[in-house]
Every structure is written in C-alpha cells, then in structure tokens.
Amino acid sequence: MKLNLLSCDAQRPDRRAIAKCIVEISSNVSASLSNELTDILLEGDAVDIEMEDKNSGSALRTLRKLSIDYEIIE
C-alpha cells in the first residue's frame, strides 16, 4: 500500500515520534532517511512512503494520533 503523507497539523510536532513511526510502518526506509522525510513533511511538502498491508490499520491509527494528514494512493 502506498501512502502520501500530506501535512502535520500538530501545534508542536514531535520529530522523533514521527521519524520512528515512518521507520516502523514503511517497508524500505532507514532511520536516516526517515529523519529527512520528517523534515520535508514538517516543512509543508508531501512525502510518499510504501507500507506493508499486514499492519495498515495500526499504522494509520498512529499517523492520526500524530496529527498527520495522509491519503491512500494504492
């Protein structure tokens, strides 16, 4: 499943939690790439990630908890 992370609406976003979430839910992102993607997301640009289908429900719940808006691409 592909996700497009659109924005983060939290007043004080937790960069470490967002980066950790991206590493956990994505199928091919390292910790350093996750930090870069987090910075891009918090600057206001969209980020595409690929996620394994087996944990999609809990992953989407975690994104909502972090106030990250997303759209499912496939």
- Task: Begin from the C-alpha positions of L63 and I25 and carry the test side chain to side chain contact (heavy atoms under 4.5 Å, CB included) through to its verdict.
- Result: CA-CA 10 Å; L63 290 172; I25 68 173; 4.0 Å; yes

The side chain to side chain contact (heavy atoms under 4.5 Å, CB included) partners of S32 (sequence neighbours excluded) come to S30

Here the pair of heavy atoms bringing D9 nearest to S7 is OD1-OG, 3.6 Å

Which pairs of donor and acceptor atoms, one on a side chain in residues 41-51, lie under 3.5 Å apart (sequence neighbours left out)?
none

- request: Determine whether L3 and I72 make a side-chain contact, defined as any pair of heavy atoms from C-beta on separated by less than 4.5 Å.
  value: yes

Please determine whether residues I40 and V29 belong to a single hydrophobic cluster, defined as Ile, Leu, Val, Met, Phe, Trp and Tyr linked transitively by side-chain heavy-atom distances below 4.5 Å. yes

Show which side-chain atoms of residues 11-21 pair as donor or acceptor with protein atoms under 3.5 Å away, not counting sequence neighbours.
{"residue": "D14", "atom": "OD1", "partner": "R16", "partner atom": "N", "Å": "3.3"}
{"residue": "D14", "atom": "OD1", "partner": "A17", "partner atom": "N", "Å": "3.4"}
{"residue": "R15", "atom": "NH1", "partner": "D39", "partner atom": "OD1", "Å": "2.5"}

Practice prompt. Check whether any side-chain heavy atom of I22 sits under 4.5 Å from a side-chain heavy atom of L5, and report yes or no.
Written response: yes

To the nearest 0.5 Å, atom NZ of K2 lies from atom OG of S26 at 13.0 Å

For residues 57-72, the salt bridge (charged side-chain N to carboxylate O under 4.0 Å, His left out) pairs (sequence neighbours left out) are none

Under a side-chain separation threshold of 4.5 Å, the hydrophobic residues clustered together with L6 are none

